[in-house]
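Heads up, the thing below is written out as structure tokens.
Predicted model, so just to flag it, every value in this text is computed and none were measured. We name chains A, B, ... by the order of the sequence lines, and we start the count at 1 in each one.
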2 protein chains.
Amino acid sequence: MVATMQNLTDRQAEILEFIQRTLCNSGVPPTRADICAEFGFSSPNAAEGHLKAIASKGYIELMRHSRGIRVLVDQNRSLTQQYELPLIGYIAAGQPILAEENVEETVRIDPELFHPRADFLHRVSGHSMKDVGILDGDLVGIHYQPDADNGQIIAAALYDRRSGREAITLKRYYRRGAKVRLDSENSDPQYAPIEIDLTQVDEDSQDTPQFRIAGLYAGLIRRPR
Amino acid sequence: MVATMQNLTDRQAEILEFIQRTLCNSGVPPTRADICAEFGFSSPNAAEGHLKAIASKGYIELMRHSRGIRVLVDQNRSLTQQYELPLIGYIAAGQPILAEENVEETVRIDPELFHPRADFLHRVSGHSMKDVGILDGDLVGIHYQPDADNGQIIAAALYDRRSGREAITLKRYYRRGAKVRLDSENSDPQYAPIEIDLTQVDEDSQDTPQFRIAGLYAGLIRRPR
DNA sequence: GGTGATACTGTATGTACATACACTACTGTA
DNA sequence: TACAGTAGTGTATGTACATACAGTATCACC
């Protein structure tokens, strides 16, 4: 957006709101004449002037054909809202979590559905959290956050030496000093806790830490096959 | 929608798809000329004819002004989609399931997230489905459907004589002739199967059946407190 | 007290658009 | 075999629309 984003005047805001309302009600943007009818203007130039002002402030884009008004900024989340979350499987070497390379697909869902707000989704693989009702194949919402409190369920990013990437796993997090313990929630003894000493540096991969917190578990979605 | 909803021809589907694409890309519906340019027609009547055909099948609505095309049926969910599902707790006496009286709140979520498509949500209360990872407080998506196959998880509407309303419960459904069995998924012996004989009429509430299928379990959302 | 932004009126113009009429041609179907 | 639905071409027409030019009035502000 090139235009400088200044504040709209009251009148301009009213007109922008009318454009959005029209779009919502009829599916088509209004004409200059429509705007005049709504506000009682007797000259199409009243509308034209406002549109140009609103466009120069970056809120809409004008195309030079009939009804060529495109709303760029949507205050009341009516239409353009994204409602999409990336689904992250693995984290490629040296990449931030939300880098495009890591996005497997995009799921249409309102991030605000979860608490705290989810920043991305992860597909659970395995049964390590079975006892808290998180099953293989579930999509969990993760709130991006680099630290956590003891006892919280986190998305742990564990570096895999072979593949050179980080795998995400849900674990219950406990930390005492430099010692971190990652618990599973499955009574089966094969799911033993993982113990990590943060002072221990992994020599094979100097700059990449063995472990980091990718975020906080914030809820889940299950879509039966 | 008054128009009879028939299937579109391949060409008509292509054109509908182009309308949606245009709407998505530019925010404005295409003109007849735009459609001609896209498909290589040399007469605007080619476009006009298709639009009328698509409109008569109920997929779009034509208004008699420029770019007056409104998409009513939105296959790939671009703009007009609501993304809201009602949350149904109990069913008031004599009301259809989705009656307004039964809607506790509305949750912003894409119905297509679930399979089959969810028509409403229900908040699980109790632990009867714990063994399949459906916990107390979870929101389950329900696909409205009055019948089910053996072994499917359904939302059962059970008439409660005291309150005069129907309570919704998730159960695994089995039917043999007129005998219906509703299983819980919890190894604890307190969750015994419910047996219902469909030939038995409840005398205290003559016209209201004891039991009906409210719909099919289609997935769940969990929002930790 | 002049300058610029906002908020309009009034008139005019050319073209973008929807749409009607008239025809051709193929296809499934009753 | 005739009819309805689909898929087009070609021409024509009136109006819906964006938009330019020329003004007026109010207000803030330096």
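Figure legend. dA30(C) is base-paired to dT1(D); pairs are counted as Watson-Crick or G-U wobble with both atom distances under 3.5 Å.
Atom CG of Asn25(A) sits in a crowded spot, with more than 12 heavy atoms from other residues, nucleotides or ligands closer than 6.0 Å. Within 6.0 Å of atom CG in Asn150(B), more than 12 heavy atoms from other residues, nucleotides or ligands are found, so the atom counts as buried in its surroundings.
Between dA7(C), dT11(C), dT11(D), one nucleotide has an atom nearer to the side chain of Ser43(A) than all others, and that is dT11(C).
Side chain of His122(A) to main chain of Ile88(A): a donor-acceptor pair is present (N/O by atom type, distance under 3.5 Å, no hydrogens or angles). Looking only at distances, a side-chain donor or acceptor of Asp119(A) sits under 3.5 Å from a matching main-chain atom of Tyr144(A).
Proximity of Lys57(A) to the phosphate of dT6(C): a side-chain N or O atom is located under 4.0 Å from OP1 or OP2. Between Gln12(B) and dG5(D) there is no side-chain N or O to OP1 or OP2 distance below 4.0 Å. Phosphate proximity of dT6(D) to His50(B): absent, as no side-chain N or O sits under 4.0 Å from OP1 or OP2. A close approach under 4.0 Å does not occur between any side-chain nitrogen or oxygen of Thr9(A) and OP1 or OP2 of dA5(C).
With rounding to whole Å, Ile35(B) atom CD1 is found 14 Å from dA7(D) atom P. As a whole-Å value, the separation of Arg11(A) CZ from dC27(D) P is 15 Å. When the P atom of dT6(C) is taken as reference, atom CZ of Phe39(A) falls 17 Å away, rounded to whole Å. Remark: P of dT6(C) and CG of Leu51(A) are 14 Å apart, rounded to the nearest angstrom. What separates CG of Leu8(B) from P of dG5(D) is a distance of 16 Å, to the nearest Å.
Here the closest non-hydrogen pair linking Ala218(B) and His143(B) is CB-N, 4.3 Å. Contact detail for Leu216(A) and Asp147(A): the closest heavy-atom pair is CD1-O, 4.3 Å.
In this pair, Phe211(B) and Tyr173(B) present their aromatic rings parallel. The plane angle is below 30°, not in the 30 to 60° band.
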Could you list the protein-to-nucleotides 16-19 of chain D atom pairs, N/O on both sides, closer than 3.5 Å?
| unit_1 | atom_1 | unit_2 | atom_2 | d |
| --- | --- | --- | --- | --- |
| dC17(D) | OP1 | Arg67(A) | NE | 3.3 |
| dC17(D) | OP1 | Arg67(A) | NH2 | 2.6 |
| dC17(D) | OP1 | Ser66(B) | N | 3.3 |
| dC17(D) | OP1 | Ser66(B) | OG | 3.3 |
| dA18(D) | OP1 | Arg32(A) | NH1 | 3.4 |
| dA18(D) | OP1 | Arg67(A) | N | 2.5 |
| dA18(D) | OP2 | Arg32(A) | N | 3.0 |
| dT19(D) | OP2 | Arg32(A) | NH2 | 2.9 |

